Amino acid sequence: MEGDDVAYLEAARTVDDRAHSDAATAAFRAALRGADRDAGGGGSDGANGDDAGGDDDDSDGVRVLEAGAGTCGLLRRLLADGALPTGEWVAVDTDGRVLTAGRDRLRAEATEAGYGVEPEGSTILLDAPDGDATLRVRFERGDVREVAADHDGDFDGVVARSFADLLAPAEVLALLRAAAPDGWYHLPLTFDGETRFSPSHPVDDAVVEAFHGTMRNRGRAATLLSERFREAGSPPAVDARADWVVQGDGTGGYPADEATFLRVVLDTVVASVEELGAVPDGTLADWRETREAQLARGELRYVAGNRDLFGRVP
Ligand SMILES: C[S@@+](CC[C@H](N)C(=O)[O-])C[C@H]1O[C@@H](n2cnc3c(N)ncnc32)[C@H](O)[C@@H]1O
């Protein structure tokens, strides 16, 4: 989706929080804890023993590669819920600006939560307030496909939120080779080719059809990935709906900064459809005007069909 800038990603946080399926979140957090428990034994030793970017002293615990980390919303959610793991986390994004914003916010929120925060170049160490658990977070600007290719089997798990739909399924499977053979993947909020706006507008079908037509496989990323995992003999342990649902708060506005989120969604849809040229300019302009007026009045409702996938790497 276009507009993947700091304001958009921050505005998405409350929408993301509501969308996550409990089942996938529980499986993900259990995997983070399980690797902690097995540190020095099963889970972490399942990796090939190479350090995923840190010193040996900090290799205990879980080792996670996060693809397209953005403003570190996932890590910040774990922090807020008291669920940060022990171990090592490599957060990769092509956009240095969002990654820097994410690092700064993570540092500030961890400090606020009583963590010891030690910067070490492109890494920060987060020392839990109540003990000796430490999470080493390394921030790496770059294409995660290249980063993953350099870390074959180094990680216990690979996580990518609102990201897997940006790549071809084969590229996602290649990315997961960064996890050890007994490792896991967590692909929450993977788009699955459904977009709905309401109240209805006469050209919704044409606009949405054209929008999906600009995407690889019409945006059915979660379905295709799930099929590929099944074919590879490793169906997802969790494959659950995790739709984004944004609607007015009943007072003419939207919760938190969700009006900003919706504005970027509208801009993205219009820009994609314009580029394709599948809807006449005047018709598209009318659709946009109507939707923007509804947004300004807090009347526009939006649903995007996503799924949370969690499982063992094939
Ligand atoms: C929709 S955002 C999701 C951000 C974050 N995961 C979240 O849930 O808040 C997708 C992110 O992936 C990044 N991105 C896109 N292609 C990438 C690639 N090939 N390698 C690394 N990051 C990429 C973008 O810069 C953007 O920050």
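Small disclaimer: the values here were computed from a predicted structure and weren't measured. These values consider heavy atoms only, across backbone and side chains, with no hydrogens, waters or symmetry-generated copies. Atoms within a ligand are numbered from 1 in the order they appear, just like the ligands themselves. Nothing fancy with the numbering, it's 1 onward along the sequence.
Annotation for Arg13: atom CZ counts as buried by contact number, over 12 foreign heavy atoms lying within 6.0 Å. Within a 6.0 Å sphere centred on CG of Asp150, other residues, nucleotides and ligands contribute more than 12 heavy atoms.
For atom 2 (S) of ligand 1, the nearest non-hydrogen atom from the set Leu9, Leu175, Thr94 comes from Leu9. Closest to atom 27 (O) of ligand 1 by heavy atom, among Asp5, Leu75, Asp93, is Asp93.
Counting atoms of ligand 1 from 1 in the listed order, those under 4.0 Å from a heavy atom of Gly142 are 20 (N), 21 (C). When each atom of ligand 1 is checked for a heavy atom of Asp95 under 4.0 Å away, the hits are 25 (O).
Looking at Arg77 and Asp16, no side-chain N of the basic residue comes within less than 4.0 Å of a carboxylate O on the acidic one, giving no salt bridge.
Using a 4.0 Å heavy-atom cutoff, Ser162 is listed among the residues neighbouring ligand 1. Using a 4.0 angstrom heavy-atom cutoff, Asp143 counts as in contact with ligand 1.
Legend: salt bridge (Lys or Arg N to Asp or Glu O under 4.0 Å) pairs involving residues 222-231, not counting sequence neighbours: none detected. For residues 194-210, every residue pair satisfying the salt bridge (Lys or Arg N to Asp or Glu O under 4.0 Å) rule, not counting sequence neighbours, is listed here: Glu194-Arg196, Glu194-Arg241, Asp204-Arg291, Glu209-Arg218.
Ring orientation note: the planes of His201 and Trp287 are nearly perpendicular, at an angle over 60° on the 30°/60° scale.
Of the heavy atoms in Ala69, only backbone atoms (N, CA, C, O) come closer than 4.0 Å to ligand 1.
In terms of polar-atom proximity, defined here as any N/O pair under 3.5 Å, Gly68 does make such a contact with ligand 1. For ligand 1, none of its N or O atoms has an N or O atom of Leu166 under 3.5 Å away.
The six-membered or imidazole ring of Tyr254 lies away from that of Phe261, with a centre-to-centre distance of 6.0 Å or more.
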